[in-house]
There are 2 protein chains.
Amino acid sequence: MDNMAAVIADKCRNCALRTDEKLICAQMSAGELINLSAHSNPASVERKQPVNARLLDRNPIIAIVDGVIGLQHVLKDGRRSIAALYWRGDIIDLRHGDGQAPGSLIALTPARICSLSVDNYDELMRTNPDVQTVAVSNMREQIHAAAGHVVDLGKKSAPERLAAYIFECRKRQLGGKDSLNVDLALRRSDIADYMGLQPETVSRGLKELERRGLIQLKGRSRAIITDKAGLRQLANGAPEPKPAQ
Amino acid sequence: MDNMAAVIADKCRNCALRTDEKLICAQMSAGELINLSAHSNPASVERKQPVNARLLDRNPIIAIVDGVIGLQHVLKDGRRSIAALYWRGDIIDLRHGDGQAPGSLIALTPARICSLSVDNYDELMRTNPDVQTVAVSNMREQIHAAAGHVVDLGKKSAPERLAAYIFECRKRQLGGKDSLNVDLALRRSDIADYMGLQPETVSRGLKELERRGLIQLKGRSRAIITDKAGLRQLANGAPEPKPAQ
DNA sequence: CGACTGGTTGAGTATGGTCAACTTCGGTGG
DNA sequence: CCACCGAAGTTGACCATACTCAACCAGTCG
């Protein structure tokens with residue numbers, strides 16, 4: 001056992017993908033992990049840097065260890081859109097059957113990722129049911145999250161979208177579930193491109209949430225939720241309760 | 001062989017999920033199919049009808065045989081949004097880990113579906129690599145499609161969204177790839193809720209595409225693409241070529 | 001034929017986009 | 001430690017797109 005463990009590559013030993021039991025590498029036997037690690041590439045990415053295209057070409061499976069990666073589309077005339085956010089534990093499979101490229105990956109915070117070999121990944125999916133379960137349920141989560149995001153963009157006002165964004169950050173941050181102290185994670189212009197707004201509108205919208213007493217802004221990247229129920233209502237698109245005045 | 005085939009349930013024999021070799025049931029052996037069919041429920045759904053909730057509760061895996069199913073979210077104040085469209089061959093896995101319900105399914109055209117038993121489905125995913133490949137790549141497609149849709153909703157104008165919608169219909173309809181004759185599939189108000197617009201805007205937008213000579217409307221649900229390149233440009237968000245006048 | 005659903009048209013309006021100026025922040029170097 | 005610089009964020013004035021609301025039209029079904 002110790003002997004086996006001894007040959008697990010250093011790069012994997014303390015990686016969150018391995019140590020967090022809900023994540024993908026934690027599902028593998030020592031042998032499987034050693035095998036996988038031979039073809040995997042951990043990498044750090046600076047904020048605003050794209051994920052190396054050469055890397056993606058050879059190993060189009062990316063697992064997020066830390067930080068936030070965005071799936072970015074740039075329209076012909078320069079409009080930028082961030083279609084999805086990937087956080088710790090998410091697995092991005094960039095293989096695309098036929099159509100156009102699925103966009104490019106870009107780090108929205110300093111991030112650590114690990115690119116996996118397609119062959120190893122597919123093999124594990126076939127042979128290790130635990131890996132399969134983790135990977136497939138991550139995909140389900142992504143589909144679910146995307147549906148929620150579509151609803152945000154399709155029918156919600158700017159303040160509603162920002163309320164929803166705050167809950168998304170809260171859900172995905174480490175201590176997440178029980179904290180009222182939320183790290184907004186992205187820069188204003190990235191939030192804007194993700195939520196289908198302009199940076200100015202994000203700024204005004206957050207101010208508006210503060211004015212309504214739902215949150216309190218602390219510096220540029222921190223929000224304290226001061227009325228969780230109210231913020232949730234707003235995020236869910238409930239009609240604004242008439243202020244009795 | 002013929003003996004085996006003889007016991008495949010009638011409901012499966014001529015089902016597109018079985019006869020179209022790219023779809024899920026075509027990946028199964030006769031024995032697997034017989035086994036699965038014992039717990040599967042084919043159903044027809046009228047337009048505007050929800051997919052039976054009782055059915056979903058017991059068998060939350062739905063495969064689309066024909067027609068279009070929408071994933072519908074209704075906000076607290078009544079705004080309706082269609083987060084995703086499912087077409088023939090798509091597989092909907094409605095299991096949701098923790099959070100809120102992923103919305104409800106509703107038929108947007110007359111549709112035929114088949115609900116599968118979770119146990120059978122999971123078993124097949126584990127034991128039959130071909131089934132797994134089909135199911136997983138369908139999930140990938142859904143994620144990819146969702147990302148594209150998010151871009152549409154986040155940054156595109158009404159005419160651009162409608163151009164994109166027309167291509168989506170074209171891609172998914174049977175003769176799809178090589179026809180300029182597109183069935184718009186949904187009613188105006190469903191298109192609106194899917195594309196994040198109002199029915200009036202859809203109407204005006206389609207008129208606008210016609211005015212620009214990109215399409216020609218034939219009746220309420222048919223569009224002939226008259227300038228495919230131009231329509232594609234528009235759908236991709238290219239700046240409008242200055243009309244030299 | 002009337003009732004109903006779905007769709008279109010028109011006028012007025014509100015929300016968020018645009019553009020430009022200005023402020024704050026964070027880092028760097030004198 | 002402070003001065004400076006560039007990037008990020010905020011504010012304000014103006015404007016455009018798409019929403020709202022209402023009326024009207026076109027098919028379809030009983």
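Lettering follows sequence order; numbering is per chain, from 1. Heavy atoms only: backbone and side chains are in, while hydrogens, waters and symmetry mates are out.
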Of the candidate nucleotides [options], which contains the atom at the shortest distance from the side chain of [X]?
{"X": "B:Lys48", "options": "C:dG6, D:dA18, D:dC19", "answer": "C:dG6"}
{"X": "A:Ser157", "options": "D:dT11, D:dA18, C:dG16", "answer": "C:dG16"}
{"X": "B:Ser203", "options": "C:dT8, D:dG9, D:dC19", "answer": "C:dT8"}
{"X": "A:Lys207", "options": "D:dT11, C:dT9, C:dT18", "answer": "D:dT11"}

Of A:Gly154 and A:Leu186, the one whose nearest nucleotide on DNA chain D sits closer to the 5' end is A:Leu186
Of A:Ser189 and B:Ala158, the one whose closest nucleotide on DNA chain D sits nearer the 5' end is A:Ser189
Just the rounded figure in Å: distance from [atom2] of [N] to [atom1] of [X].
{"X": "A:Leu197", "N": "D:dT10", "atom1": "CG", "atom2": "P", "result": "14 Å"}
{"X": "A:Leu217", "N": "C:dC25", "atom1": "CG", "atom2": "P", "result": "13 Å"}
{"X": "A:Glu210", "N": "D:dT10", "atom1": "CD", "atom2": "P", "result": "10 Å"}
{"X": "B:Leu162", "N": "D:dT17", "atom1": "CG", "atom2": "C1'", "result": "14 Å"}
{"X": "A:Arg204", "N": "C:dT23", "atom1": "CZ", "atom2": "P", "result": "16 Å"}
{"X": "B:Glu208", "N": "C:dG10", "atom1": "CD", "atom2": "P", "result": "14 Å"}
{"X": "A:Glu200", "N": "D:dC14", "atom1": "CD", "atom2": "P", "result": "16 Å"}

Any [X] side-chain heavy atom under 4.5 Å of [Y] side chain:
{"X": "A:Asp193", "Y": "A:Ser81", "answer": "no"}
{"X": "A:Arg170", "Y": "A:Lys228", "answer": "yes"}
{"X": "A:Lys11", "Y": "A:Cys114", "answer": "no"}

Check if the side chain of [X] and the base of [N] share a donor-acceptor pair of N or O atoms closer than 3.5 Å.
{"X": "B:Arg187", "N": "C:dT8", "result": "no"}
{"X": "A:Arg161", "N": "C:dG16", "result": "no"}
{"X": "A:Arg220", "N": "C:dG26", "result": "no"}

Have a look at [X] and say if it touches a base, only the backbone sugar-phosphate, or nothing, with a 4.0 Å heavy-atom cut-off.
{"X": "B:Gly219", "value": "nothing"}
{"X": "B:Gly196", "value": "sugar-phosphate"}
{"X": "A:Arg47", "value": "sugar-phosphate"}
{"X": "A:Lys155", "value": "nothing"}

When rounded to the nearest 0.5 Å, the distance separating CD of B:Gln216 from OG1 of B:Thr226 is 6.5 Å
**Asked** Parallel, tilted or perpendicular for B:Tyr194 and B:His149, by the 30°/60° rule?
**Response** parallel
ask   = Can you find a side chain N or O atom of A:Thr201 that sits less than 4.0 Å from OP1 or OP2 on C:dG17?
value = yes
Open item on the list: Is B:Arg188 close enough to C:dT8 that one of its side-chain N or O atoms is under 4.0 Å from OP1 or OP2 there?
Closed with: yes
